[in-house]
Each structure stands twice: as structure tokens, then as C-alpha cells.
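Reading through the C-alpha cells given below for one structure.
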Amino acid sequence: AAKTAGRNRFEVFEEAMREEVVAQSQLSRDLRRATTDGQFLLLYQPQVDVESGRITGFEALARWQHPVRGLVMPDTFIPIAEGTGTIDLIDDWALEEACRQLAAWDEAGLPPFHVAVNISAHRLARGDLADAIRSGIRSTGVDPARLEIEITETATMSCAVEAAQTLHDVRALGVSIAIDDFGMGHSSFGRLRALPVDRLKIDRSFIAALHEDTATGSIAGAMVAMGSSLGLDVVAEGVETEGQLQVLRSLGCHSAQGYLFGRPLPAEEVGQLVRRSTSTVVPAGDTAVP
Ligand code: C2E
Ligand code: MG
Ligand code: MG
Ligand code: MG
């Protein structure tokens, strides 16, 4: 009986595996069409200055509006897109869309803030990233200083000489570079110093443990100190509680992003949020202004 049950369980498992494989290959086929069919959208999550609480910019996060499955999250489609190379199309679309949106916000008279776009290791390795960014900037007339790209720490570690050159080309355009999910890879201080980088984003796993675990707290502290000593702007990802924000403030962390300040929002809601942020927040240190 145990044998039969075991086999049945295996058969059930095998069937589930088969369905999963079919679903994945269906998704990867749909994905290729999605980039040309306007099924992607960007949501924007605020980033704030830790001292003043003021919004300094947004990270653009992709969503896939699948005609049948509904909203598909990046954790589902990015790995598939990376496996098939479709990720390059998605990243280029996101760059162009972010530039277009920045120009639209300018047009609407919003005060300037930056927008960060995620770029995969795959897209970075292709070597023509700076060209794609340049054309996005030119066609929209957006100030390059408003644009930032995020590359994961892991991506920079497998970063060949050519990829480092690409980052230099991107930075030469006046675009900033942020290292995403910092702490997940094991890059050295020396390696980091050799790359053209403006910001360090501490992975949210280190922030999640901040209130309960003093050892991890000191790791985050070391990251803030290291980033600061390199002259980088240090951003904490995934800040969810007031307690975490307080610890980050005491550590001297410059910027923060997370549900405490806001979830990723549709572009239409960004304007309102920015206007509210600039009109109600009194910047720290301004009390002595005559
Ligand atoms: P990421 O770049 O590290 O983005 C941060 C992720 O953390 C986002 O997930 C965001 O919604 C989530 N997050 C923000 N604040 C909090 C918080 O307080 N708590 C928690 N638990 N989570 C928070 P999302 O939007 O699902 O994106 C996941 C990943 O997919 C991103 O991680 C990024 O690596 C990738 N991704 C998203 N859009 C793009 C894109 O256009 N191109 C590429 N190549 N990758 C993208
Ligand atoms: Mg990111
Ligand atoms: Mg991240
Ligand atoms: Mg991530």
C-alpha cells in the first residue's frame, strides 16, 4: 500500500512538474508579445531623505498586465525573461517609458526628482546600454541627472571589463548608478571602489532584522559607514517600521525606501504625492533661516 501511495504521490508530483513547465513556456511565449503589445507598466515607489522625510525620487518597478492571468509580478516574469533574453526588451522599454514619464512630469510643472530604472545583468552585458539611454534622453529632452540605473551587486561581480566600461559610458552621460540589493553578493571594498557608482542600496533583508537583531544592525551600520567613506549616498531598502527608520537615522543612513513611505504607485498618483511632500515637510536644519 505504501508503495502504491508513494508512486501515486510521485505521479502527482510529475504531473505538477509537467504543468509547471507548460505554464512557464506559455508565459515565455506571451512575454515576447507583451513587450510590443503595451502590456507592461511601471509603478513608482518613493525614496525619501532620512533627515527631512522629503521625497527625493522614485524607483520604477515593472508590472505585467497579462490579458488572461491579470497582474503578474516581477518575481514571476523576470526570471523567465532573463532565461529567454526578453529581459533586454523589457529593460529598454522601462528606460524609454521612465524618460517619457519624466518629461510628462516636467510638462505638468512638478519639482524635479530622480527616477531609478532597474537594469538586468543580461542587458548590461550587451554593451550598448549607454546608446539606449542616450536615445531615450535625446528623444524626450529629459535632464540626464534625473535618471538613475540600478544594477544588482551580484551583476557587478560577474561584471567583465566591458561591463565596467559600459557603466563608465552611462555615467559619462550624466546618469547616476546605484548598486541594488547590496549585501547579497560578496563584493570587496576594493572592487566597489573601482566601479563608477553613486549610490548603495542596502538589501531589505538587513533592514528587516534591524529592530530585533543587534548583530545585523551592526552589519547595516558597517554598510552605511563603508558607503559613506566611499562618498556614496546610502539607501535602505524595505523600510517598514518607524523603529527601523530610527535605527537608520542613528546609523547616519542618508535615504530610505519602503512601505513605511509608500508602496509602488501608478504614475498618476506620483504628482499628488510629490506636491504634498514638498509643501508640508520642513527640511531639517532650516530653522535658522532668517
Ligand atoms: P528591487 O529592485 O530590489 O526592488 C525592490 C522590491 O522590493 C520591489 O519588488 C518592491 O515592491 C519591494 N519592496 C519595496 N518596499 C518594500 C517593503 O517595505 N517591504 C517589502 N517586503 N518589499 C518592499 P517588486 O516590484 O516585486 O520587484 C522585484 C524585483 O524585480 C526588483 O527588486 C527588481 O530586481 C526586479 N525588477 C522590477 N522591475 C524591473 C525592470 O523593469 N527591469 C529589471 N531588470 N528588473 C526589474
Ligand atoms: Mg531595484
Ligand atoms: Mg533592491
Ligand atoms: Mg531585489
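Both ligands and their constituent atoms are indexed starting at 1 by order of listing. Fair warning: this is a prediction, and the values are worked out from it, not measured in the lab.
Only the side chain of Glu59 comes within 4.0 Å of ligand 1, counting heavy atoms alone; its backbone N, CA, C and O stay farther away. Of all the heavy atoms of Thr152, none lies under 4.0 Å from any atom of ligand 1, so neither backbone nor side chain is involved.
Residue Pro264 approaches ligand 1 through these ligand atoms, each under 4.0 Å from one of its heavy atoms: 11 (O). Every atom of ligand 1 is numbered from 1 in the order shown, and the set under 4.0 Å from a heavy atom of Glu237 is 3 (O). Atoms of ligand 1 found under 4.0 Å from any heavy atom of Gln45 (numbered from 1 in listed order, with element): 14 (C), 15 (N). With ligand atoms numbered from 1 in the order given, ligand 1 contributes 24 (P), 25 (O), 26 (O), 27 (O), 28 (C), 30 (O), 37 (C) to contacts under 4.0 Å with heavy atoms of Pro74. The atoms of ligand 1 that sit less than 4.0 Å from any heavy atom of Gly238 are 16 (C), 17 (C), 18 (O). The atoms of ligand 1 that sit less than 4.0 Å from any heavy atom of Glu240 are 17 (C), 18 (O), 19 (N), 20 (C), 21 (N). Residue Ile87 has at least one heavy-atom neighbour below 4.0 Å for each of these atoms of ligand 1: 44 (N). Numbered from 1 in the order shown, with element, the atoms of ligand 1 that lie under 4.0 Å from a heavy atom of Asp75 read 28 (C).
Under a 4.0 Å N-O distance rule, the pair Lys201/Glu59 qualifies as a salt bridge. Ion pairing between Arg54 and Asp49 fails under the 4.0 Å rule for side-chain N and carboxylate O. Ionic pairing of Asp131 and Arg134 is present here: one or more N-O contacts between side-chain nitrogen and carboxylate oxygen are shorter than 4.0 angstrom. The pair Asp198-Arg171 counts as a salt bridge, with a side-chain nitrogen and a carboxylate oxygen less than 4.0 angstrom apart.
Looking only at N/O/S atoms, Glu59 comes nearest to the Mg ion (ligand 2) through OE2. Nearest N/O/S atom of Glu150 relative to the Mg ion (ligand 2): this is OE1.
Distance alone, capped at 3.5 Å, is enough to place a donor-acceptor pair between the Thr56 side chain and the Gln47 backbone. Under a 3.5 Å cut-off, the side chain of Thr86 and the backbone N or O of Glu82 do not form any donor-acceptor pair.
The angle Asn118:OD1 - the Mg ion (ligand 2) - Asp180:OD2 amounts to 90°, with values rounded to 10 degrees. The OD1 atom of Asp181 and the OE1 atom of Glu237 meet at the Mg ion (ligand 3) at an angle of about 80°, given to 10°.
More than 12 heavy-atom neighbours from other residues, nucleotides or ligands sit within 6.0 angstrom of CZ on Arg249.
With Ser120 as the fixed residue, the side chain to side chain contact (heavy atoms under 4.5 Å, CB included) test singles out one of Ile90, Thr152, Asp91: Asp91.
Leu41 and Val72 are not part of a single hydrophobic cluster, where members link through side-chain heavy atoms under 4.5 Å apart. Residue Trp93 is not grouped with residue Leu61 when hydrophobic side chains (ILVMFWY) are merged at heavy-atom distances under 4.5 angstrom, including chains of intermediate members. Val234 and Val239 fall within the same hydrophobic cluster, defined by Ile, Leu, Val, Met, Phe, Trp and Tyr side-chain heavy atoms under 4.5 Å apart, directly or through other members.
For atom 46 (C) of ligand 1, the choice among Ile78, Leu260, Ile207 with the nearest heavy atom turns out to be Ile78. Nearest residue to atom 40 (C) of ligand 1 from Thr76, Leu42, Asn118, Asp203 is Asn118 (criterion: closest heavy atom).
Counting only residues at least two apart or in different chains, ring-ring contact (aromatic ring centres under 6.0 Å, His included) contacts with residues 113-149 comprise Phe58-Phe113, Trp105-Phe113.
Residue-to-ligand polar distances keep Gln257 apart from ligand 1: every N/O pair is separated by 3.5 Å or more.
For Lys201, the heavy-atom gap to ligand 1 stays at 4.0 angstrom or more. The shortest heavy-atom distance from Glu82 to ligand 1 is not under 4.0 Å.
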